[in-house]
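Convention: sequence-line order gives letters A, B, ...; per-chain numbering from 1.
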Amino acid sequence: MDVLYFAWVRERIGLPREVVETQAATVMDLVEDLRKREERYAAAFADVTALRVALDQQLADFDAPLDGVREVAFFPPMTGG
Amino acid sequence: MDVLYFAWVRERIGLPREVVETQAATVMDLVEDLRKREERYAAAFADVTALRVALDQQLADFDAPLDGVREVAFFPPMTGG
Amino acid sequence: MRVVVQDAPFDFGQEADAFATGHTVSGAIVTFTGVVRDVAGGLKAMEIEHYPGMTEAALTEIAGQAVTRWSLEDALVIHRYGTLAPGEMIMMVATAARHRKDAFEAAEYLMDYLKSRAPFWKREVTADGAEWVAARAVDEDALNRW
Amino acid sequence: MRVVVQDAPFDFGQEADAFATGHTVSGAIVTFTGVVRDVAGGLKAMEIEHYPGMTEAALTEIAGQAVTRWSLEDALVIHRYGTLAPGEMIMMVATAARHRKDAFEAAEYLMDYLKSRAPFWKREVTADGAEWVAARAVDEDALNRW
């Protein structure tokens, strides 16, 4: 599964994207897996209410299932316009 | 006093402006004077709720006094924009 | 703030660009443009009559009120009169503010007042003759929200 | 309907004019333009990051919803990414409708959704360093009216 990071999530984790092997059933399960990896992941995912997630480029909730999903992206609330 | 007519008021009366000698105290008094002149005036001023009036280029009410007013204009509701 | 009343066409792109450029305090620029439309088909021309002198005064007052009420950095009103063909631009307004809400509201206010309080009268010319455009109750009602 | 995501500057006057020209059914054209503003003073640049692929899809969906909901004849969204200087234009939207109320509402809807639902992130660069722009609660709340 491709996992992408944007804005300060990308900066804290230190990379824009990576391939993650996971058995996580939901986005929140994936977040738990990532938090355990290293301090920089724990820091980036400390408060998920400050984050947004997209599954295959569609905004989703953190309890959404990951069945069939190829691309997960984490980022802060958007500031377009 | 200069009296101006615009849009279909101008068309019905048949002229864009004229000088009117009047003792009218209010706009409505002036309207009554004009109505008595000729049929084309009576037709133009038949229904004053369909008209608007400006005194010295400021929108006003039909019961407004004419003291010191130099220019009166009659016209239908405006359709700008 | 600039108010222009003219019979000549105006260059919308150039006016919009000139207005939007150079306002570094304002993050939000809104423009509105009114175009002669031929909804029913068969419109030959739109004739616009106005009240010289009062028109400029009324537009200046309306624009000034918008600038004050929404703390605009700038406002622009251009309105044509005379004979216009379908597709021609009748008028434009532009507003510059720090935040988009103010720029949008001020532009809507300008349009609502300009529609019903600036001395312009439109007449549509078709093959069947010419007819004065009637004021719409919905336009008069629009003023109540301000 | 056209959606453009690019790092290059766009010509606002030319885009606005091209959009406004040739829509004879639409009497009302609204544009909104967002400009990099330097309110506090000292802003060196605005950096805009985005999510290639998702950005275009999100903007296309938002614009499509606006076209349907307000029966627009046309809609345009242009949004830049990359490094912009103060005074540069970040983005523009344009809407074409028969009546001004629809054109205004659709443009505000586009802006409200684009602010909070299109994957862009802004960072302000000053002499003191760079800081991500925080999303504002007022922008999220603005979505509730639609």
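- Of the atoms belonging to C:Glu47, not a single heavy atom falls under 4.5 Å from chain B.
- Between the side chain of B:Arg40 and the backbone N or O of B:Ile13 there is at least one donor-acceptor pair closer than 3.5 Å.
- Residues forming a ring-ring contact (aromatic ring centres under 6.0 Å, His included) with B:Phe45 (at least two apart in sequence, or on another chain): B:Phe74.
- C:Arg80 contributes a side-chain N or O that, together with a main-chain N or O of C:Asp7, makes up a donor-acceptor pair within less than 3.5 Å.
- By number of non-hydrogen pairs under 4.5 angstrom with chain B, the leading residue of C:Tyr81, C:Phe120, C:Phe32, C:Tyr51 is C:Tyr51.
- Taking chain B as the reference chain and counting heavy-atom pairs below 4.5 Å, the highest number among C:Gly53, C:Ala57, C:Ala58 is found for C:Gly53.
- In plain terms, the two heavy atoms of C:Ala85 and C:Val36 that are nearest each other are O-CB, 3.6 Å.
- Only the side chain of B:Ala54 comes within contact range of chain C, with at least one heavy atom under 4.5 Å from a heavy atom of that chain.
- When C:Met91, C:Glu49, C:Met111 are compared by the number of non-hydrogen pairs under 4.5 Å with chain B, C:Glu49 comes out ahead.
- A donor-acceptor contact shorter than 3.5 Å is absent between the side chain of B:Asp2 and the backbone of B:Val19.
- Within residues 133-146 of chain C, the residues having any heavy atom under 4.5 Å from a heavy atom of chain B are, by residue number, C:Val133, C:Ala134, C:Ala135.
- For C:Ile90, the part lying near chain B is the side chain, with the backbone staying farther off; criterion is any non-hydrogen pair under 4.5 Å.
- Not one N or O on the side chain of C:Thr126 forms a donor-acceptor pair closer than 3.5 Å with the backbone of C:Gly42.
- A cation-pi arrangement is not found for C:Arg123 relative to C:Trp121, the charged atom failing to lie both closer than 6.0 Å to the ring centre and inside a 45° cone about the ring normal.
- Side-chain contact check for C:Tyr109 and C:Gln65: at least one donor-acceptor pair (N or O, by modelled atom type) lies under 3.5 Å.
- Within the 3.5 Å criterion, the main-chain N or O of B:Gly81 finds a donor-acceptor partner in the side chain of C:His79.
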